[in-house]
Student: 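Please read through the structure below; I'll follow up with questions.
The chains referred to below are lettered A, B, ... by the order of the sequence lines, with proteins before strands, and numbering in each begins at 1.
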2 protein chains.
Amino acid sequence: MKLTTKGRYAVMALADLANFNKASPVPLRDISFRQGISLLYLEQIFLKLKKHNIVRSIRGSGGGYILFKKAEELKLSEIFFAVDENVKTINCNKDSKKGCNGKSSKCITHYLWDELDLHINSFFENKKLSELTKTQNKKL
Amino acid sequence: MKLTTKGRYAVMALADLANFNKASPVPLRDISFRQGISLLYLEQIFLKLKKHNIVRSIRGSGGGYILFKKAEELKLSEIFFAVDENVKTINCNKDSKKGCNGKSSKCITHYLWDELDLHINSFFENKKLSELTKTQNKKL
DNA sequence: TATATACCCGAGTAAAATAGTCAAGATTAA
DNA sequence: TTAATCTTGACTATTTTACTCGGGTATATA
Ligand code: FES
Ligand code: FES
């Protein structure tokens with residue numbers, strides 16, 4: 001399974017973006033500063049987010065990024081998909097030498113990971129970006 | 001998050017063990033052969049499983065491993081815990097330079113990962129080893 | 001008792017994945 | 001024009017993972 005800083009940062013940064021999106025585009029520099037994430041790394045991440053239409057970019061001075069959809073309509077699963085964090089716990093078909101070759105038949109645990117994938121993905125599928133910031137506010 | 005071959009192999013091997021446990025102890029060599037997992041790696045894994053009372057070992061010729069509990073009573077969460085695959089998606093407190101230092105306050109996404117951890121762990125908590133082999137048999 | 005079978009254990013290594021950097025642009029507002 | 005900002009591909013350091021090695025110890029059975 002993959003759930004790395006790339007996906008974490010993406011969610012973090014977008015939550016930040018959602019908070020400051022109200023009037024004008026938000027430059028990465030601000031997000032980098034507020035969230036303590038390397039600017040260069042953020043750029044890499046936002047490129048992917050842009051390609052997948054999660055955000056829209058405005059170049060030049062005074063530019064930055066804005067959300068493409070409303071935070072209420074943006075599912076976390078879309079975000080993870082965009083940055084290549086496809087939550088796959090299944091391991092078969094990768095090579096034919098290891099236990100999980102799926103050559104003759106599925107290994108004993110195959111259906112388990114299948115089920116787990118479904119379980120995890122449904123979590124992200126049902127979670128909207130807006131819920132994040134709300135939860136945060138409630139706790140404060 | 002961590003979900004690596006160590007945890008996968010542990011579940012695989014134990015499922016195998018559960019199937020062949022009926023009469024006599026099962027040597028790792030057999031499991032290694034049947035599941036296509038390196039014997040030396042299996043030894044490492046079973047050492048941990050033994051320390052956490054998941055399996056019991058019988059040394060010497062004709063020896064091997066047997067399950068400590070019945071497969072119906074063995075939760076997958078116990079297995080993962082035993083091999084150090086503590087499913088933690090949370091990242092804070094590791095170092096104070098990165099985004100998630102938890103120094104002044106929790107980051108925006110903290111509660112999200114909290115919730116996710118809970119969600120995933122409940123999956124393993126409610127899953128017994130015996131359910132694995134049953135599912136497998138049903139599909140055949 | 002000799003021997004083979006099997007578990008026991010710490011340490012070490014190679015490969016892969018991740019996290020992050022660099023350099024050289026291209027746009028655009030002011 | 002200048003400074004701010006996004007764009008892009010390649011490159012590198014670090015960390016983690018997966019696995020091996022070498023030398024044990026216990027026990028069954030011939
Ligand atoms: S996980 Fe699919 S064959 Fe093992
Ligand atoms: S995940 Fe806990 S502070 Fe970021």
Side-chain angles (χ1 to χ4, degrees), chain A residues 1-10 12-13 17 20 24-33 35-52 54-66 68 80 83-86 88-89 91 94-95 97-100, chain B residues 1-10 12-13 17 20 24-33 35-52 54-66 68 80 83-86 88-89 91 94-95 97-100:
Chain A
M1 155 146 193
K2 273 180 12 183
L3 183 48
T4 64
T5 55
K6 202 168 248 162
R8 254 196 290 269
Y9 285 174
M12 240 194 216
L17 187 54
F20 291 87
S24 47
V26 181
L28 289 187
R29 206 159 53 79
D30 292 5
I31 298 180
S32 164
F33 178 75
Q35 304 299 329
I37 302 170
S38 148
L39 175 60
L40 292 133
Y41 201 25
L42 268 185
E43 289 185 343
Q44 221 183 80
I45 291 167
F46 269 74
L47 235 21
K48 294 191 176 200
L49 292 175
K50 192 199 158 191
K51 270 181 192 147
H52 287 265
I54 310 282
V55 294
R56 208 156 64 76
S57 71
I58 290 153
R59 298 180 109 184
S61 175
Y65 287 93
I66 59 179
F68 201 87
F80 281 104
V83 295
D84 290 328
E85 300 250 334
N86 43 339
K88 278 258 174 256
T89 56
N91 189 234
K94 284 181 75 178
D95 42 31
K97 281 188 176 181
K98 305 303 173 56
C100 290
Chain B
M1 155 146 192
K2 272 181 11 184
L3 183 47
T4 63
T5 55
K6 203 169 247 162
R8 254 196 291 269
Y9 284 174
M12 241 194 214
L17 187 54
F20 291 87
S24 47
V26 181
L28 290 187
R29 207 158 55 81
D30 291 5
I31 298 179
S32 164
F33 178 74
Q35 303 300 329
I37 303 170
S38 148
L39 174 61
L40 291 133
Y41 200 26
L42 268 185
E43 289 186 344
Q44 221 181 78
I45 291 167
F46 269 74
L47 236 19
K48 293 190 176 201
L49 293 175
K50 192 198 158 189
K51 270 183 192 144
H52 287 265
I54 310 282
V55 294
R56 208 156 64 75
S57 70
I58 290 152
R59 297 180 108 183
S61 174
Y65 287 94
I66 59 180
F68 202 87
F80 282 104
V83 295
D84 290 327
E85 300 249 336
N86 43 339
K88 277 258 173 257
T89 56
N91 190 233
K94 285 181 74 179
D95 42 31
K97 282 187 175 180
K98 305 303 173 56
C100 290

Student: Search all heavy atoms of F80(A) against all heavy atoms of G7(A) and return the closest pair with its distance.
Tutor: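 Shortest heavy-atom separation between F80(A) and G7(A) comes out as CE2-CA, 3.9 Å.
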Student: Checking S32(A) side chain against I37(A) main chain: does a donor-acceptor pair fall under 3.5 Å?
Tutor: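 It does hold such a pair.
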Student: If I take atom CG in residue L39(A) and atom P in nucleotide dA4(D), what distance separates them, rounded to the nearest angstrom?
Tutor: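 In whole Å, dA4(D) P lies 13 Å from L39(A) CG.
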Student: Given the rule in the side chain to side chain contact (heavy atoms under 4.5 Å, CB included) test, do L49(B) and V83(B) qualify, once you have shown the distances and angles that lead to the verdict?
Tutor: CA-CA 7 Å; L49(B) 293 175; V83(B) 295; 4.0 Å; yes
Student: To the nearest Å, how far apart are Y9(B) OH and dA18(D) P?
Tutor: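 Computing the Y9(B):OH to dA18(D):P distance gives 8 Å.
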Student: dT17(D) phosphate, OP1 or OP2: any side-chain N/O from T5(B) under 4.0 angstrom?
Tutor: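 So the side chain of T5(B) is outside the cut-off, no N or O lying under 4.0 Å from OP1 or OP2 of dT17(D).
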Student: Any residue in residues 41-51 of chain B with a heavy atom nearer than 4.0 angstrom to DNA chain C? Just list them by number, or reply none.
Tutor: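 Residues of residues 41-51 of chain B that come under 4.0 Å of DNA chain C are, in numerical order, E43(B), Q44(B), L47(B), K50(B).
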Student: Take K6(A) and Y41(A) through the test side chain to side chain contact (heavy atoms under 4.5 Å, CB included) and record every step on the way to the result.
Tutor: CA-CA 9 Å; K6(A) 202 168 248 162; Y41(A) 201 25; 4.2 Å; yes
Student: Would you mind telling me which residue lines up with the more 5' stretch of DNA chain C, R29(B) or K6(A), judged by nearest nucleotide?
Tutor: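 Its nearest nucleotide lies further toward 5', so the answer is R29(B).
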Student: Looking only at heavy atoms, which two atoms of G62(A) and P25(A) are closest? And how far apart?
Tutor: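 Taking every non-hydrogen atom into account, O-CG, 3.8 Å.
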Student: Determine, stepwise, if the pair F20(B) / D30(B) fulfils side chain to side chain contact (heavy atoms under 4.5 Å, CB included).
Tutor: CA-CA 10 Å; F20(B) 291 87; D30(B) 291 5; over 6 Å; no
Student: If you check the P27(A) side chain, which of dT17(D), dT5(D), dC22(C) turns out closest?
Tutor: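 Of dT17(D), dT5(D), dC22(C), dT5(D) is nearest to the side chain of P27(A).
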Student: Looking at dT5(D), dT17(D), dC8(C), which one has an atom nearest to any side-chain atom of T4(B)?
Tutor: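 Nearest nucleotide to the side chain: dT17(D).
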Student: Please list, for nucleotides 28-30 of chain D, all pairs of protein and nucleotide N/O atoms separated by less than 3.5 Å.
Tutor:
unit_1: dA28(D); atom_1: O4'; unit_2: S61(B); atom_2: O; d: 3.4

Student: Measure the angle between the two terminal helix axes of the helix from dT1(C)-dA30(D) to dA30(C)-dT1(D), five base pairs each, and quote it to 10°.
Tutor: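 So the angle between the two local helix axes works out to 10°.
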Student: With side chains defined as the heavy atoms from C-beta onward, is the minimum distance between Y65(A) and L42(A) less than 4.5 Å?
Tutor: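 No, too far: nothing below the 4.5 Å cut-off.
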Student: Between dC8(C), dC22(C), dC6(D), which one does the side chain of L40(A) approach most closely?
Tutor: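 The listed nucleotide nearest to L40(A)'s side chain is dC22(C).
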